[in-house]
J.: 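Okay, here's the structure, questions in a sec.
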Amino acid sequence: MSDILGERDPADVKDPMRVAQPSRESQLPKRFYKEASVAAIENEFQIHLDGKPIRTPGKTILAVANEAVAKTMAVEWGAQKERIDPMTMPVTRLVNTAIDGVALDMQAVKEDIIRYSGTDMLCYRVSQPRGLAALQVQHWDPLLDWAQSALGAQFVLAEGIMHMEQPPEAIASFSAHVGMIDNPIVLAATHVVMALTGSAIIAMAVNKAELDADEAWKIAHLDEDWNIEQWGSDEEAEERRTKRFVDMKAAHETIRAYCP
């Protein structure tokens, strides 16, 4: 039971966000259960298969303090077909990562988000083509204004890809808000949003309910969407992007479940 979603060593916290990521190297396990359910045990909600609790890859009982998140995981387990495919279970994967990895070293994950803010995508602008430059101003500037007003972090802009050192005061203010995240599941979800969008500022805006999943996704893919309009899209890239958006929505919904 404990190995359903792949083997990982929970003691390896060099990269806490990757500890519970599922392996695709071996054949997917067959579905062996009829029913997935949620069981309230003391102050937690466990995921049960045919009445028995299941465990994370790190061999911890899969349980959360949020009933809505537990129900979502139970739905994911219940939706499995002949074989169990972890890649179709974004919330379960997220919670596994939080339990087996992030909870063991939350500071490392926070520091990664803070590092991202020092080279945030939103701060690097193009001058040409003018249409794209105008879109960046239209959609990215309001988010930087929000970061200044809500987080106290005033970031500076750079043109092109040359590195621009951000003011220490901005990083310190941003860091203070990242440091306030005290739930490993919320922290894991925030990190997922950052990884999927390429922006720590967008991730914190989602964390603080300034952006929903659709808004954040649109802002993060501004350049890509502009290029698609000019040159057309690639079917394989569209498929990858669709799958990534599933993870984006799962992360956003998980954050909102804990931080309504």
J.: Under 3.5 Å, is there a donor-acceptor pair between the side chain of S149 and the main chain of W146?
T.: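 Yes; judged by distance alone, with no hydrogens or angles, the pair exists.
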
J.: So R93 and M87, side chain to side chain contact (heavy atoms under 4.5 Å, CB included) or not? Walk me through it.
T.: CA-CA 8 Å; R93 285 190 284 112; M87 298 310 294; 4.1 Å; yes

J.: Answer yes or no: is there a donor N or O on one side and an acceptor on the other, between the side chain of K110 and the main chain of G179, under 3.5 Å?
T.: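 Such a contact is found between K110 side chain and G179 backbone.
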
J.: Please determine whether a side-chain nitrogen of the Lys or Arg among R244 and D247 lies less than 4.0 Å from a carboxylate oxygen of the Asp or Glu.
T.: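 Between D247 and R244 there is no salt bridge, as every charged N stays at least 4.0 Å from the carboxylate O atoms.
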
J.: Check whether N207 reaches the backbone of T190 with its side chain - one donor and one acceptor, N or O, closer than 3.5 Å.
T.: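 Looks like no, no N/O pair under 3.5 Å.
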
J.: Would you check if the side chain of R241 reaches a backbone N or O of E236 as a donor-acceptor pair within less than 3.5 Å?
T.: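 A pair under 3.5 Å: no.
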
J.: Between K218 and D212, is there a side-chain N and carboxylate O pair less than 4.0 Å apart?
T.: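 Looking at D212 together with K218, the answer is no, because their closest N to O distance does not fall below 4.0 Å.
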
J.: Please check if any side-chain donor atom of H191 sits under 3.5 Å from a side-chain acceptor atom of D112, or the reverse.
T.: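 D112 and H191 do have a side-chain donor-acceptor pair below 3.5 Å.
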
J.: Would you compute the distance between atom OG of S233 and atom CD of E224 and round it to the nearest 0.5 angstrom?
T.: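 Going from the OG atom of S233 to the CD atom of E224 covers 9.5 Å.
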
J.: May I ask whether F32 and M89 are part of the same hydrophobic cluster, defined by side-chain heavy atoms of I, L, V, M, F, W, Y residues being less than 4.5 angstrom apart, directly or through others?
T.: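 Same hydrophobic cluster.
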
J.: Could you tell me the separation between the NE2 atom of H139 and the CD atom of E215, rounded to the nearest 0.5 Å?
T.: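 These two atoms lie 11.5 Å from each other.
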
J.: Is a side-chain donor or acceptor of Q166 paired with a backbone partner of S117 at a separation under 3.5 angstrom?
T.: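 Answer holds: no.
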
J.: Regarding K249 and E253, does a basic nitrogen lie under 4.0 Å from an acidic carboxylate oxygen?
T.: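 Salt bridge between K249 and E253, a charged N being under 4.0 Å from a carboxylate O: no.
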
J.: Is the backbone of I61 close enough, under 3.5 Å, to the side chain of Q46 for a donor and an acceptor to pair up by distance?
T.: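 It does not hold such a pair.
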
J.: Is the side chain of D120 donor-acceptor paired with the backbone N or O of I201 at a distance under 3.5 Å, no angle test?
T.: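 Indeed, once roles are kept as given, a pair shorter than 3.5 Å links the two residues.
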
J.: Salt bridge or not between R125 and D141? Use side-chain N to carboxylate O under 4.0 Å.
T.: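 Salt bridge present between R125 and D141.
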
J.: Considering residues, nucleotides and ligands other than D50, do more than 12 of their heavy atoms fall under 6.0 Å from its CG?
T.: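 For D50, atom CG is crowded (more than 12 foreign heavy atoms under 6.0 Å).
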
J.: Pick from N96, D100, T97: which one makes a side-chain hydrogen bond (donor to acceptor under 3.5 Å, both in side chains) with T56?
T.: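 Result for side-chain hydrogen bond (donor to acceptor under 3.5 Å, both in side chains) with T56: D100.
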
J.: Can you classify the ring geometry of W217 versus F245 as parallel (below 30°), tilted (30 to 60°) or perpendicular (above 60°)?
T.: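 It falls in the tilted class, 30° to 60°.
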
J.: Output yes when a side-chain donor or acceptor of Y124 lies under 3.5 Å from a complementary backbone atom of M164, and no otherwise.
T.: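 Answer holds: yes.
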
J.: So does R31 get a backbone contact from the side chain of E82, meaning a donor-acceptor N/O pair under 3.5 Å?
T.: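 Side chain of E82 to backbone of R31: no pair is present.
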
J.: For Y258 and I181, what are the C-alpha separation, side-chain angles and deciding distance, and is it a side chain to side chain contact (heavy atoms under 4.5 Å, CB included)?
T.: CA-CA 11 Å; Y258 280 95; I181 305 174; over 6 Å; no

J.: Whether the side chain of S173 engages the backbone of A153 through a donor-acceptor N/O pair (distance < 3.5 Å, no angle test) should be reported.
T.: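 No, because the side chain of S173 does not come within donor-acceptor range (under 3.5 Å) of the backbone of A153.
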
J.: Can you check whether T197 reaches V206 side chain to side chain, under 4.5 Å on heavy atoms?
T.: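 No; the side chains remain at least 4.5 Å from each other.
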
J.: Do W77 and I47 make a side-chain contact, defined as non-hydrogen atoms from C-beta onward lying under 4.5 Å apart?
T.: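 When only atoms from C-beta onward are counted, I47 and W77 do touch, with a gap below 4.5 Å.
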
J.: Between Q80 and T88, does any side-chain donor sit less than 3.5 Å from a side-chain acceptor?
T.: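 There is such a pair (donor and acceptor under 3.5 Å, judged by atom type) between the side chains of Q80 and T88.
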
